[in-house]
J.: 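Would you mind keeping the following structure in view while I ask a few things?
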There are 2 protein chains.
Amino acid sequence: MSRTSARTSGLPPTLADVAERAGVSRQTVSNAVNNPDLLRADTLLRVQQAIADLGYLPNRAARNLRTRASHLIGLRIQAAQEGTANATMDRFVHSLVETSREAGYHVLLFTGDPTDPLSGYEDLLRSTAVDAFVVTDTYLGNPQAEWLDGRRAPFVAFGRPWENPGATHAWVDVDGAAGCESATRHLLAKGHEKIAWIGWRKDSRIGEDRRAGWHRAMKEAGLPTSGLASRVEDTVASGREASEVLLDEAAPTAFVCASDTLAMGVLHTLGLRGLRVGDDVAVVGFDDSQVAQVVRPGLSSVRQPLEDVAIEVVTALEGLLGRPRVAQQGVLLTPSLVVRDSSGPDRV
Amino acid sequence: MSRTSARTSGLPPTLADVAERAGVSRQTVSNAVNNPDLLRADTLLRVQQAIADLGYLPNRAARNLRTRASHLIGLRIQAAQEGTANATMDRFVHSLVETSREAGYHVLLFTGDPTDPLSGYEDLLRSTAVDAFVVTDTYLGNPQAEWLDGRRAPFVAFGRPWENPGATHAWVDVDGAAGCESATRHLLAKGHEKIAWIGWRKDSRIGEDRRAGWHRAMKEAGLPTSGLASRVEDTVASGREASEVLLDEAAPTAFVCASDTLAMGVLHTLGLRGLRVGDDVAVVGFDDSQVAQVVRPGLSSVRQPLEDVAIEVVTALEGLLGRPRVAQQGVLLTPSLVVRDSSGPDRV
DNA sequence: ATGAAAGCGCTAACAG
DNA sequence: CTGTTAGCGCTTTCAT
């Protein structure tokens with residue numbers, strides 16, 4: 001051996017240290033860790049004892065070098081938008097970290113120039129720092145998917161390939177239309193007939209999808225929708241202004257919104273006009289943000305099953321990275337509606 | 001060479017590929033990357049050209065193995081608490097990721113058994129997966145610091161060593177007392193004299209610190225504090241109940257709270273009693289959460305300078321990991337007060 | 001079932 | 001200033 005044993009040096013124990021202590025070769029120790037079935041029961045036990053005694057854990061860098069895998073998955077995050085209720089990402093990050101760990105992966109966070117959806121990916125990929133990516137900001141038109149596909153980089157998207165339905169990469173998404181449809185039905189069941197929609201600008205595919213859910217539910221109920229929809233920026237002020245206009249021009253008794261941020265704008269308007277939230281006008285948001293949870297009265301909201309999204313994402317990742325490669329197509333999950341006081345009572 | 005060159009194989013180019021193309025030895029390429037000053041100008045240029053041509057980037061695993069460093073820093077995160085307005089961690093994570101990148105580090109996220117403050121650290125440390133940790137959940141009594149210190153693992157704490165003021169490790173914290181003092185002074189300046197405190201249970205050092213700021217400001221103004229303080233759990237319901245009791249028994253005209261979550265509870269009480277937020281009773285929270293930003297009326301709140309915290313943390317980290325080792329002691333940063341409508345008008 | 005040999009891609013130490 | 005040598009700690013052949 002070319003270096004002092006672990007006990008004398010301050011360095012962590014290596015395979016060689018364990019081998020020496022157990023009286024076997026290094027290879028046998030490696031097998032004990034990675035292919036225990038190959039060892040005879042008593043040898044295995046002896047090696048495991050030595051491993052425990054020494055507190056041995058394989059050195060990551062060495063293993064990574066050898067296996068050409070880092071067991072790291074990269075996730076690009078953006079700054080939370082101040083002044084909004086958006087918090088999907090943070091809940092997702094936590095779920096992903098948790099689920100990844102169970103699959104033997106850690107999550108490496110990185111940021112990039114917000115105006116360049118590609119920045120940050122390339123360096124990590126070329127330096128083999130991560131095995132795969134989870135791509136989340138697909139609303140940007142999602143050039144990442146195409147780019148990563150081109151480099152044959154494994155990745156799973158949280159978000160459908162809106163722009164390119166023929167894309168073959170793995171993705172997981174939440175059915176926003178279904179969420180808004182169930183929110184609208186919920187209000188219809190309470191007796192509302194004039195239910196307004198406040199969503200995002202038309203260039204947002206996600207926004208149009210959610211809007212379609214509202215529209216479908218209204219049509220199914222045989223109710224008109226014209227004059228009841230508004231498309232604005234995702235800010236509280238926009239939600240407030242849009243709801244003012246809608247109240248003046250169409251007098252809806254309920255609002256379904258594409259986000260909790262917009263829903264908060266509606267609550268502002270109701271407050272300013274002395275209308276009682278829930279009792280006079282019902283409101284449902286989207287995301288089940290902390291804001292929805294702590295505001296008074298509580299804001300009903302569509303909640304994305306982010307824990308399940310993480311599970312599906314990691315499953316897809318394992319398929320992509322495992323041997324044999326198991327390709328997964330798209331997975332669409334259904335959100336649930338969290339009912340709070342802003343839904344109001346039944347209007348029998 | 002023992003393997004096909006990068007162009008023919010699908011693998012990324014290596015040092016050897018670059019060396020061959022530039023007509024120099026591998027070592028020279030390594031120097032071109034890590035110690036450019038050592039090369040003659042023309043050689044450097046030639047090597048850099050080859051690097052650019054090939055799109056070469058050093059393989060992380062190999063470099064990590066050789067240098068015994070991963071350039072990764074570990075950060076343990078916990079699930080965001082639903083039903084609260086707490087969001088410090090998410091803002092901090094983003095700032096840390098951003099700042100770390102500038103220093104050449106990436107952030108590796110991990111979770112652990114919530115009941116065991118140590119879980120998760122050990123494996124990463126022993127497997128040499130990270131170079132250092134950023135420890136944040138110091139409110140747990142912070143056994144991590146001692147434990148990490150014992151293993152001589154580099155780490156920086158976001159949070160003071162409350163339990164052990166003699167601790168020598170690097171830490172960065174925000175002066176909660178100063179924040180609450182300035183919040184209280186802000187209300188005093190508006191003409192309030194009966195300013196109540198709603199904070200956390202006595203075993204929370206952070207809570208006691210924040211409370212001290214309120215207390216100090218009141219004393220300096222020559223105002224009594226007895227009967228004006230309450231210590232409860234960090235939930236909206238607790239804030240609501242505490243404010244009801246305080247209003248009944250002491251009739252304060254303003255509240256300073258240890259968190260936005262508690263402040264939301266106060267807003268609930270005011271709403272239920274028909275008291276106008278700001279006009280009748282002023283409220284100030286702590287954290288400048290999204291909730292504070294989007295609720296109506298806006299909630300004044302103490303904002304932690306998390307971007308600066310991240311900068312100080314990374315600076316300390318660089319000192320810890322750099323050569324020579326530069327030890328940093330504690331850094332205490334001052335938060336700022338974000339004034340919104342819940343502060344109310346001047347009560348001349 | 002266990003061991004020996006080779007090498008992943010890089011850099012520290014030294015030689016020239 | 002550049003090249004040679006020798007590993008970092010691990011796993012993948014291939015013998016035994």
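Below, read A as the first sequence line, B as the second, and so on, with proteins coming before strands; counting in each chain starts at 1. Side chains are part of it too, since the values below use all heavy atoms of this structure and drop only hydrogens, waters and symmetry mates.
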J.: Rounded to whole angstrom units, what separation is found between the CZ atom of A:Arg60 and the P atom of D:dT11?
T.: 12 Å
J.: Roughly how many Å is it from CD in A:Gln27 to C1' in D:dT16, rounded to a whole number?
T.: 14 Å
J.: Under 4.5 Å between any side-chain heavy atoms of A:Val135 and A:Val156, yes or no?
T.: no
J.: Side chain of A:Arg66: nearest nucleotide among C:dA4, D:dC10, C:dA13?
T.: D:dC10
J.: How far apart are the C-alpha atoms of B:Arg26 and B:Asn31, what are their side-chain angles, what is the distance that settles it, and do they pass the side chain to side chain donor-acceptor pair (under 3.5 Å) test?
T.: CA-CA 9 Å; B:Arg26 286 163 31 191; B:Asn31 284 337; over 6 Å; no
J.: Enumerate the residues from residues 30-45 of chain B whose closest heavy atom to DNA chain C is under 4.0 Å, giving them by residue number; use none for an empty result.
T.: B:Ser30, B:Asn34
J.: Could you tell me which non-hydrogen atom of B:Leu72 sits nearest to which non-hydrogen atom of B:Ala129, and how far apart they are?
T.: CD2-O, 3.6 Å
J.: Would you say B:Thr28 reaches D:dG3's phosphate, i.e. side-chain N/O to OP1/OP2 under 4.0 Å?
T.: yes
J.: Can you list everything that forms a side-chain hydrogen bond (donor to acceptor under 3.5 Å, both in side chains) with A:Asp308? Sequence neighbours excluded, please.
T.: none
J.: Let me know the distance between CZ of A:Arg126 and P of C:dG9, rounded to the nearest Å.
T.: 16 Å
J.: What's the CG-C1' distance between B:Asp17 and C:dC8, to the nearest Å?
T.: 13 Å
J.: For the residue pair B:Phe110 and B:Phe133, categorise the inter-ring angle as parallel (less than 30°), tilted (30 to 60°) or perpendicular (more than 60°).
T.: perpendicular
J.: Nearest-Å distance, CG (A:Asn59) to C1' (C:dC10)?
T.: 14 Å
J.: Flag the pair B:Val97 / A:Ile77 as yes when at least one side-chain heavy-atom distance between them is below 4.5 Å, and no otherwise.
T.: yes
J.: Among all residues two or more places apart in sequence or in another chain, which pass the side-chain hydrogen bond (donor to acceptor under 3.5 Å, both in side chains) test with B:Thr128?
T.: A:Asn59
J.: Between B:Ala62 and A:Thr67, which is nearer to the 5' end of DNA chain D once each is assigned its nearest nucleotide?
T.: B:Ala62
J.: With a 4.0 Å limit, can you tell me whether B:Arg68 has a side-chain N or O closer than that to the phosphate oxygens OP1/OP2 of D:dG9?
T.: yes
J.: Is any side-chain nitrogen or oxygen of B:Thr14 closer than 4.0 Å to OP1 or OP2 of C:dG9?
T.: no
J.: Return the value, rounded to whole Å, for the distance between atom CG of B:Leu15 and atom C1' of C:dT11.
T.: 9 Å
J.: Rounded to the nearest Å, what distance is computed from the CZ atom of residue A:Arg63 to the P atom of nucleotide D:dT11?
T.: 5 Å
J.: Can you tell me if A:Arg26 touches the phosphate of D:dT11, counting only side-chain N or O atoms and a distance under 4.0 Å to OP1 or OP2?
T.: no
J.: In whole Å, I'd like the distance from the CG atom of A:Leu65 to the P atom of D:dG7.
T.: 17 Å
